[in-house]
Amino acid sequence: MATIKIKQVKSKIKCPKVQKLTLEALGLKKVNAVVEHEDTPAILGMVEKVKHLVIVEK
């Protein structure tokens, strides 16, 4: 499978708890943090929930 890079570009301070937990599940803890994940439907679904906080690079 291909990998994608996910970068957090906005803060999670005023976000609902569900979105904060999604960011933590992705491995993002700070702004400008970058993680790599496999391009799976589960990961893409998580990214879709927090798309206003992250940037995805393929």
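No hydrogens, no waters, no symmetry mates; every other heavy atom, side chains included, goes into these values.
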(message) Determine whether a donor-acceptor pair (N or O, by modelled atom type, separation under 3.5 Å) exists between the side chain of H37 and the backbone of I4.
(response) no
(message) Donor-acceptor check, side chain of Q8 to backbone of K10, threshold 3.5 angstrom: yes or no?
(response) yes
(request) State which residue, out of K12, K30, K29, fulfils the salt bridge (charged side-chain N to carboxylate O under 4.0 Å, His left out) condition with E24. (result) K12
(request) Count the heavy atoms of every other residue, nucleotide or ligand shown that sit under 6.0 Å from NZ of K20, and state whether that count exceeds 12. (result) yes
(request) Identify the heavy atoms of L53 and C15 that sit nearest to each other, and give their distance. (result) CD1-SG, 3.6 Å
(message) Please tell me whether V56 and L44 are part of a single hydrophobic cluster in this structure, the criterion being side-chain heavy atoms less than 4.5 Å apart.
(response) yes
(message) Same cluster or not: L23 versus V9, using hydrophobic residues (I, L, V, M, F, W, Y) connected whenever any side-chain heavy atoms lie under 4.5 Å apart?
(response) no
(request) Say whether M46 and V35 are linked into one hydrophobic cluster, either directly or through other cluster members, by side-chain heavy-atom distances under 4.5 angstrom. (result) yes
(request) Could you point out which residue of V50, V34, V47, I55 forms a side chain to side chain contact (heavy atoms under 4.5 Å, CB included) with I6? (result) V47
(message) In the structure I gave you, are the side-chain heavy atoms of I43 and E38 within less than 4.5 Å of one another anywhere?
(response) no
